[in-house]
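All residue numbers refer to positions in the sequence shown, counting from 1.
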Amino acid sequence: MAKSGRDPTKATMELKRELQKLVKSIVEDSISSSQDEIESNHLIDKAIQTLQALKQRSSNIKKFDNNNNNSNNNNNNNNGSSNSIWGSCPVEFRCPISKELMRDPVIVSTGQTYDRPFIQKWLKAGNRICPKTQQVLSHTILTPNNLVRDMITQWCKNRGVHFPGPVQYSDQDGLTEADRDLFLSLLKKMQSTQSEQKDAARTLRSLTKRMPSFRALFGESLESIPQLLTPLCQSKSQTEIHPDLQEDLITTLLNLSIHDNNKKLVAETPMVIPLLLDALRFGTIETRTNAAATLFTLSALDSNKSLIGKAGALKPLIDLLEEGHPLAMKDVASAIFNLCIEHDNKARAVRDGAVRALLNKIKNRVHVDEFLATLAMLSSNQRAVEEMGELGAVSCLLSLIKETNCARNKENCIAVLYTICYYDRTKWKEMREDESKYGTLSQVAQNGTSRAKRKANGILDRLNRAINLTHTA
């Protein structure tokens, strides 16, 4: 008998400890003042995810056990005399999930054997742990267990019982074995002529857009994504890649990345991120936009943020931002923002010219909400603050506060100004002159959000102390 893997009780306790840490961080507001709102929201999201994981862990196996018990009860009522035969079969021939005789035994990555339709249903529900051992599945490939199948067949033969054939699996989204055959044939065409590659890519793009079950298919084999991208990997230069084929394949990657269970697999497939960066640099505007959108969806996972940042994704994203094509702006803004939540990516973004690009867009009043939020996030980086001072951020942000009615935008403007005031004394004069003439900071201190009031008052206190010290001297 296989040795049990990770103790489910221990795993549950780890989740609870993680939840306690997150809640403590949220309540104590222990993060730095220049980025507290953004990171606080991030902590709340992580706490919600951890809470949901706790809930799922406690309910999933219980739900399956209840379903299986009901199924067994129904079988006891309906099978008549044959039930006594199946009831006497060795426990090794029974599926650990259904408790019934296995018709199509398959092995999962932990080495445990299950009946195919029941483990597929388990995986389709979003579970990525082995029901029996509670170990995390390294992949979801199901390998036929021919030895166990032959043993079951012989056991049935010795008792004069006909071995029932496997149940054809059809998931709740209507995916049949015929659909799986189509999926495999389309991937096979990726190694054929360019004409067949283009037809297959167009079909896969459509299917993965319309059918979530087709997106899930890519998660069942580690070879599916490399097969999909074969045409892009085989090309020796960008000029050899047909623009339509590249667009369809990159868009298919985008569709796959929407499926939560695919995010880690897609990002960690070695050729994916380099091909996305090539698409960002050299594709049509539609391809570049969809590549940016793919990086955004993949960066929902914290581990992917670091992976994408280290691969050098911020520079081509910032280049596309500077070009300013209206079709791409929204996805580029979202991708840069998501990536910059990760600490090391902030330094990378600053090094790659993000501050200048963001300020130029804000000065031109292009997607101010998105770019201002990213600028506020970058203000925790000292080099970014220095650049903001050099590039005229103070006058830009003060003028934006005067003209906007958006409370969140005013809050982000004040957050950046607060950090500039803290790091760069040379900008105090400009802030004092504006305050003397327009009272911009005082108005926010009286009418802004609670966070904006706190930071506006912090700036005013610092400016007033500086004046008092000058008078005293």
Side-chain angles (χ1 to χ4, degrees), residues 1-8 11 53 56-76 79 83 85-156 161-173 175-177 179-181 183-184 213 216-224 259 261-262 265:
M1 185 173 177
K3 187 178 179 180
S4 177
R6 191 181 184 192
D7 183 356
Q56 184 181 21
R57 177 172 287 277
S58 64
S59 65
N60 273 344
I61 294 179
K62 181 179 178 182
K63 177 176 67 177
F64 270 83
D65 285 345
N66 289 339
N67 289 341
N68 294 330
N69 288 336
N70 292 335
S71 175
N72 289 337
N73 290 336
N74 291 335
N75 289 335
N76 290 337
N79 287 345
N83 187 58
I85 298 173
W86 303 129
S88 65
C89 75
V91 67
E92 293 82 2
F93 296 169
R94 296 174 182 270
C95 174
I97 297 176
S98 69
K99 314 302 184 200
E100 299 173 0
L101 183 74
M102 289 186 284
R103 301 183 179 191
D104 189 5
V106 292
I107 305 170
V108 298
S109 65
T110 58
Q112 298 296 318
T113 297
Y114 299 92
D115 201 3
R116 184 185 294 275
F118 294 96
I119 190 62
Q120 283 181 326
K121 182 179 179 183
W122 172 265
L123 296 172
K124 182 68 175 64
N127 300 296
R128 285 298 178 269
I129 58 172
C130 176
K132 190 171 182 179
T133 69
Q134 297 298 299
Q135 290 175 283
V136 175
L137 296 172
S138 60
H139 59 76
T140 57
I141 299 172
L142 304 178
T143 305
N145 192 331
N146 294 325
L147 176 61
V148 170
R149 179 179 172 80
D150 291 344
M151 292 170 65
I152 294 174
T153 302
Q154 188 61 46
W155 182 86
C156 290
V161 178
H162 174 68
F163 176 60
V167 177
Q168 186 182 45
Y169 176 68
S170 174
D171 68 26
Q172 62 188 22
D173 292 323
L175 194 65
T176 64
E177 291 301 327
D179 294 321
R180 292 174 181 272
D181 291 340
F183 171 71
L184 294 175
S213 48
L217 276 177
F218 279 86
E220 294 184 5
S221 170
L222 296 176
E223 298 304 314
S224 296
H259 195 286
N261 293 329
N262 284 342
L265 173 65

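A donor-acceptor pair is defined here as one N or O able to donate and one able to accept, closer than 3.5 Å; no such pair exists between the side chain of W122 and the backbone of C130. A side-chain donor-acceptor contact under 3.5 Å links Y114 to the backbone of K132. For the pair R94 (side chain) and M102 (backbone), a donor-acceptor distance under 3.5 Å is absent.
Atom CD1 in I119 sits 12.5 Å away from atom CD1 in I107 (nearest 0.5 Å).
For L184, there are no side-chain contact (heavy atoms from CB on, under 4.5 Å) partners, not counting sequence neighbours. Taking E92 as the reference, P90 meet the side-chain contact (heavy atoms from CB on, under 4.5 Å) condition, with sequence neighbours excluded. Partners of F218 according to the ring-ring contact (aromatic ring centres under 6.0 Å, His included) rule, which considers only residues two or more places apart in sequence or in another chain, are F183.
Between L265 and L222, some side-chain heavy-atom pair lies under the 4.5 Å cut-off. For the pair V106 and F118, the minimum side-chain heavy-atom distance is 4.5 Å or more. With a 4.5 Å cut-off on side-chain heavy atoms, D115 and E100 do not count as touching.
R116 pairs with exactly one of P105, P144, C95 by the side chain to side chain contact (heavy atoms under 4.5 Å, CB included) rule, that one being P144.
Of all heavy-atom pairs spanning N145 and V148, the tightest one is OD1-N, 3.1 Å.
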